[in-house]
Amino acid sequence: MPCVRRQITCILYRTIYANNKNKPQGDYMEDIKIIKLPEVIELTQLSTSTIYRLMAVHKFPRQLKLSERSSGWVKQEILHYLNERIDGRL
């Protein structure tokens with residue numbers, strides 16, 4: 001399991017900080033938090049079906065497969081999605 005976690009963390013790190021020249025110092029694993037669907041619903045106030053419908057058309061962050069029967073979302077990606085929505089209404 002540690003190898004898989006390290007691979008996932010490296011992929012997420014590259015995704016989140018790909019365009020950031022000021023990469024964080026220290027252990028970047030502390031910066032990444034995986035959240036489950038109930039927390040995504042709470043943060044976004046979207047229904048489950050709306051979340052999956054938006055994911056299908058690439059308008060919502062995709063979930064991360066954690067194991068055969070478990071998946072979650074990167075909290076930073078959800079917050080980024082919400083910030084884009086806020087910026088879009090101005």
Side-chain angles (χ1 to χ4, degrees):
M1 186 71 167
C3 287
V4 172
R5 183 175 179 193
R6 168 85 50 209
Q7 288 175 333
I8 291 171
T9 301
C10 289
I11 291 168
L12 293 174
Y13 179 78
R14 285 194 301 267
T15 302
I16 293 169
Y17 298 108
N19 297 322
N20 186 354
K21 293 180 180 157
N22 299 317
K23 293 184 181 172
Q25 301 297 320
D27 187 11
Y28 57 84
M29 289 178 67
E30 295 174 9
D31 297 337
I32 298 171
K33 181 175 181 193
I34 305 298
I35 59 174
K36 304 295 263 179
L37 183 59
E39 191 171 345
V40 174
I41 291 170
E42 184 179 330
L43 283 171
T44 63
Q45 295 297 301
L46 298 172
S47 68
T48 302
S49 58
T50 300
I51 289 170
Y52 285 108
R53 186 172 47 250
L54 290 171
M55 281 175 43
V57 294
H58 305 288
K59 292 186 176 182
F60 192 82
R62 300 222 21 195
Q63 63 196 96
L64 177 68
K65 194 73 169 163
L66 302 172
S67 68
E68 185 178 327
R69 297 183 63 191
S70 178
S71 29
W73 285 261
V74 178
K75 186 173 184 177
Q76 290 87 339
E77 292 178 356
I78 301 301
L79 295 175
H80 179 73
Y81 166 81
L82 291 172
N83 284 329
E84 284 182 338
R85 300 293 294 177
I86 291 168
D87 291 344
R89 71 183 180 141
L90 299 176

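All residue numbers in this chain count up from 1 along the given sequence.
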Are [Y] and [X] connected in a single hydrophobic cluster, I mean Ile/Leu/Val/Met/Phe/Trp/Tyr linked by side-chain heavy atoms less than 4.5 Å apart?
X	Y	result
V40	Y81	yes
L54	L82	yes
L43	V74	no
M55	L64	no
F60	I35	yes

**OP:** Rounded to the nearest 0.5 Å, what's the gap from CZ on R53 to NZ on K59? Could you check?
**Re:** 11.0 Å
Subject >> Considering all heavy atoms, the nearest G72-L66 contact >> reply: N-CD1, 3.9 Å
Original post:
Between L46 and I41, which heavy-atom pair has the shortest distance, and what is it?
Top reply: O-CG2, 3.4 Å
Original post:
Tell me, which pairs form a side-chain hydrogen bond (donor to acceptor under 3.5 Å, both in side chains) where one or both residues lie in residues 35-45, sequence neighbours left out?
Top reply: K36-S70
**OP:** State which residues pass side chain to side chain donor-acceptor pair (under 3.5 Å) with S71; sequence neighbours excluded, sorted by chain then number.
**Re:** Q63
